[in-house]
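Reviewing the structure listed below.
Note on naming: letters A, B, ... go to the chains in the order of the sequence lines (proteins, then strands), and numbering restarts at 1 for each one.
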Number of protein chains: 2
Amino acid sequence: MSESANHDIYFVPGLHRGLRILEILGAAKTPMSLSEIARAMDLSRSSAFRLVYTLRQMEFLKDGEQKNTYTLGAKVLNLGFAYLSNQPITKIARPLLAQLRDTTGVSTHLSVLEGHNVLYLGSHQARTGFVSNMVTGTRVEAYATAIGWCLLSGKSEAELAAFCKGLDMPPITKHTPTSFQMLKARVDQMRTDGFVVSHGFREPGGSSIAVPVWDQAGKVVACVNLSGPDSGFDFDKLKSFYLPETKATALRISRELGYEGSN
Amino acid sequence: MSESANHDIYFVPGLHRGLRILEILGAAKTPMSLSEIARAMDLSRSSAFRLVYTLRQMEFLKDGEQKNTYTLGAKVLNLGFAYLSNQPITKIARPLLAQLRDTTGVSTHLSVLEGHNVLYLGSHQARTGFVSNMVTGTRVEAYATAIGWCLLSGKSEAELAAFCKGLDMPPITKHTPTSFQMLKARVDQMRTDGFVVSHGFREPGGSSIAVPVWDQAGKVVACVNLSGPDSGFDFDKLKSFYLPETKATALRISRELGYEGSN
DNA sequence: TATTGATGTTTTATATACAAAACAATTGGC
DNA sequence: GCCAATTGTTTTGTATATAAAACATCAATA
């Protein structure tokens with residue numbers, strides 16, 4: 001009774017079990033054999049055989065290094081990227097981020113909050129330089145980054161407390177907040193300013209601007225981020241040019257999402 | 001008769017069709033309705049209903065913005081990342097890349113070639129600085145980047161020609177090779193040098209070192225990459241310190257893969 | 001080398017997933 | 001506001017996917 005009142009009339013068991021195999025193999029640190037899969041799924045070997053056969057034929061599974069073992073195939077990666085590029089906000093933001101990149105000359109990024117992580121949905125690279133640190137599809141801990149504070153500014157104090165509950169916050173740099181109180185201070189600061197700027201004189205090696213994006217309900221749903229190395233990031237121009245441009249882009253995206261505030 | 005001699009004895013049709021729905025929705029630029037899915041799959045609506053029902057319940061599909069439409073769900077993203085972190089080379093390289101990051105103080109990355117793209121498998125960020133341009137899971141055009149040339153150095157001339165066949169190569173920067181001949185020159189250069197270095201005086205804003213990783217068969221299977229902004233990248237130290245360290249790390253990874261050459 | 005246990009594969013009787021058809025609920029055109 | 005067409009949902013007889021059991025193959029141990 002506990003786990004599965006699954007036995008809905010409309011469940012197609014073949015699909016259900018096949019997907020569970022993918023999940024199990026995703027969670028497994030190492031390739032699994034047919035029998036291991038069958039055991040993990042509490043399934044007859046003959047059924048597991050047919051499922052694996054199908055998954056393999058469709059390239060959702062591929063052979064592991066050891067004989068008779070299987071791991072996730074490349075198709076699951078394709079799906080993952082399709083997921084990212086199908087996010088509605090990605091489509092809306094893409095041309096605007098490209099435009100921001102072109103007018104500023106530095107790299108621009110769009111990210112959202114997913115669980116405790118910042119999830120990068122897409123980016124447009126500075127056209128100069130070979131160093132192409134693209135970020136799409138990446139996850140990083142939200143509590144530790146300027147972009148994370150920006151995204152967390154949409155949460156109430158209670159929500160933020162819940163967010164910190166059970167989260168351990170090791171210090172990545174000496175500026176990393178390591179407690180709820182410290183994180184709250186960062187987020188509050190961001191909320192009053194309306195942006196986060198970190199510049200090279202404080203953090204050697206790079207500069208970054210993060211500005212929130214709001215939806216029609218006034219909720220923070222994403223973050224526009226502009227970043228580059230100090231050498232391409234003139235401090236004088238930062239506040240007079242880069243920041244207003246970034247804010248304008250974020251607002252434009254917000255408008256397209258139906259935001260009607262004046263931030 | 002044309003498309004599917006699919007009718008293997010061991011094919012489980014529910015799973016087959018469910019996965020095809022995921023692929024179709026991944027390729028679709030916009031969410032689809034039940035009927036659209038049924039039509040695209042040449043399937044009865046009642047069957048499509050049951051498949052979608054199952055996928056939705058398992059969170060491989062989620063509701064689109066419009067009513068009665070569906071898109072890929074977050075689960076497919078989880079699988080995508082599981083795929084990346086399960087790649088054997090990722091596991092071997094991870095601690096060594098972290099170590100390289102710690103001794104050099106700048107960001108390190110591991111990437112492989114997938115089709116025409118450079119696929120980033122993992123990275124370790126410089127501990128200083130808020131600018132966290134992580135790259136895991138990203139794809140970029142191989143022909144246009146130093147890392148790409150590094151990875152392509154494993155190919156023979158014929159393979160490289162095949163690689164270029166039908167690939168259009170727009171110039172991203174003025175240094176971008178735009179023909180097979182130009183690309184071949186870059187790759188040959190890389191092969192004789194054993195690495196690619198691009199430094200800020202040529203490419204404003206950032207510096208980068210790329211070194212290949214070999215497997216036991218002597219094939220180039222991956223690329224170790226070290227990159228950072230000029231300000232953190234001392235030119236003098238580049239050749240005397242960063243480059244040898246990077247090469248040592250790449251060789252160490254190669255050794256763990258069974259490489260026995262002396263490069 | 002013989003023996004045991006485990007795993008991968010094939011067969012097949014039967015439980016069940018499936019598609020047609022009926023139904024319900026929307027939508028769009030006049 | 002009606003009709004027609006399209007879509008989402010439910011039912012149900014039947015074609016078929018399934019799991020047990022048999023078979024084949026391999027690995028380890030004595």
*To the nearest angstrom, how far is B:M32 atom CE from D:dG8 atom C1'?*
16 Å

*Below 4.5 Å, heavy atoms only, C-beta onward: do B:V224 and B:I253 meet side chain to side chain?*
yes

*asked:* Measure CG/A:L51 against P/C:dA17 and give the value in whole Å, please.
replied: 13 Å

*Round to a whole Å and report the spacing from CG of B:L43 to P of D:dT7.*
15 Å

_Nucleotide-resolved protein contact map, nucleotides 5-16 of chain C, B/S/- at heavy-atom distance under 4.0 Å_ = --BBSBB-----

*Can you tell me the distance, in whole Å, between the CG atom of B:D8 and the P atom of D:dA17?*
12 Å

*Answer yes or no: is there a side-chain heavy-atom contact under 4.5 Å between B:T90 and B:L84?*
no

*Who are the ring-ring contact (aromatic ring centres under 6.0 Å, His included) partners of A:F195, not counting sequence neighbours?*
none

_Nearest-angstrom distance from the residue atom CG of A:L15 to P of C:dC18_ = 9 Å

*Are the side chains of A:Y83 and B:T71 in touch, meaning some heavy atoms are under 4.5 Å apart?*
no

*How about B:D8 and A:Y53: does a side-chain donor come under 3.5 Å of a side-chain acceptor?*
yes

_How many whole angstroms separate atom CD of B:Q66 from atom C1' of C:dT26?_
15 Å

*No-hydrogen, no-angle side-chain donor-acceptor test under 3.5 Å, B:S46 and B:S44*: yes

*asked:* How many whole angstroms separate atom CG of A:D42 from atom P of D:dA20?
replied: 10 Å

